[in-house]
Amino acid sequence: MRPRSQFAMGGELPAGGFRRPPPPKPGEKRPGPLTVRGLPLLKPPYGSITAIDLKTGEIAWRIAHGETPDNVRNHPALKGLKIPRTGREGNLGPLATKTLIICGEAGFFTNPQGVRGAMLRAYDKATGEEKGEVYMPAPQSGSPMTYMLDGRQYIVVAIGGGNYSGELLAFRLPKGA
């Protein structure tokens, strides 16, 4: 057994154990993701939803979840190229219903009409096919919840971020969803 004072790779721990990097000073930015000329170093999808067949352990389907970030879609080096949806990074809580997986986006994007916001999307639970989307004025900021009222299913999503103060949005699902 290795002494606790050593890393798994054999190096010594700093005095006092593991340390988190210090927070940025006022006016200083945290380092962002690695980029080459402003484009992400890693290839997309930047965010995805993946379904795994629990009987076989195989991936049943995977989709890029989330719009292409504005800094990628509008990058001068990509001008004139049709960029498919790349997904976007973020930690989100999807919601599963009888037939759907429902999940919002983790960040703002600008739609073709020039309006900033985020989308709430519904995917077929069996295939991953997108079944619908709804515009939200801000990204999802918490896991959705669901409830039944008078025989109809509703979902509630917490949204907020940037200059948009938090709020809850409620949506009624189609019958049988």
Side-chain angles (χ1 to χ4, degrees), residues 7-9 11 13-14 17-52 58-96 100-125 127-144 155 157-169 171:
F7 286 108
M9 298 299 289
L13 279 170
F18 290 103
R19 279 191 235 136
R20 187 175 283 182
K25 295 180 175 116
E28 205 176 62
K29 289 185 176 180
R30 281 196 187 279
L34 293 175
T35 64
V36 175
R37 289 187 244 154
L39 289 170
L41 184 62
L42 301 175
K43 70 178 188 171
Y46 306 126
S48 63
I49 296 177
T50 304
I52 300 172
E58 300 292 319
I59 293 175
W61 54 263
R62 174 180 291 157
I63 49 103
H65 177 68
E67 287 296 330
T68 302
D70 288 348
N71 66 314
V72 173
R73 180 192 338 247
N74 300 326
H75 197 281
L78 302 177
K79 188 174 183 170
L81 296 177
K82 173 79 171 136
I83 306 295
R85 187 182 299 162
T86 62
R88 59 185 319 128
E89 63 181 300
N91 295 320
L92 296 170
L95 173 73
L100 299 173
I101 299 292
I102 299 169
C103 194
E105 293 184 333
F108 287 94
F109 82 101
T110 306
N111 70 18
Q113 292 76 34
V115 179
R116 285 183 46 83
M119 300 303 286
L120 179 69
R121 290 196 166 83
Y123 303 98
D124 183 284
K125 192 160 69 170
T127 66
E129 177 188 356
E130 186 175 317
K131 292 296 188 180
E133 62 181 18
V134 176
Y135 169 82
M136 302 185 300
Q140 179 177 319
S141 59
S143 294
I155 62 167
V157 182
I159 65 168
N163 293 330
Y164 195 91
S165 60
E167 70 175 304
L168 298 173
L169 296 180
F171 300 95

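In this text the structure is predicted, and so the values were computed from the model without any measurement.
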For [X] versus [Y], what's the shortest heavy-atom pair and its separation?
X: G160; Y: S141; value: N-OG, 3.8 Å
X: S48; Y: T50; value: OG-OG1, 3.9 Å
X: P40; Y: V72; value: CD-CG2, 3.7 Å
X: P69; Y: G87; value: CD-O, 3.7 Å
X: P144; Y: V157; value: CB-CG2, 4.1 Å
X: F109; Y: A118; value: CE2-CA, 3.9 Å

Given 3.5 Å as the limit, does a donor-acceptor pair link the side chain of [X] with the main chain of [Y], or not?
X: S143; Y: L95; result: no
X: W61; Y: I49; result: no
X: T68; Y: T86; result: yes
X: E105; Y: M119; result: yes

Quick one: pull up [atom1] in [X] and [atom2] in [Y] and give me the separation to the nearest 0.5 Å.
X: H75; Y: I83; atom1: NE2; atom2: CD1; answer: 11.0 Å
X: K79; Y: R73; atom1: NZ; atom2: CZ; answer: 15.5 Å
X: I63; Y: T127; atom1: CD1; atom2: OG1; answer: 10.0 Å
X: E133; Y: M136; atom1: CD; atom2: CE; answer: 11.0 Å
X: N71; Y: L39; atom1: CG; atom2: CG; answer: 7.5 Å

Under the side chain to side chain donor-acceptor pair (under 3.5 Å) test, which residues partner [X], sequence neighbours left out?
X: Y164; answer: E167
X: R85; answer: E130
X: E67; answer: R121

With a 4.5 Å heavy-atom cut-off, do [X] and [Y] have their side chains touching?
X: T110; Y: R116; answer: yes
X: F171; Y: I102; answer: no
X: P137; Y: L169; answer: yes
X: L120; Y: I155; answer: yes
X: D124; Y: K131; answer: yes

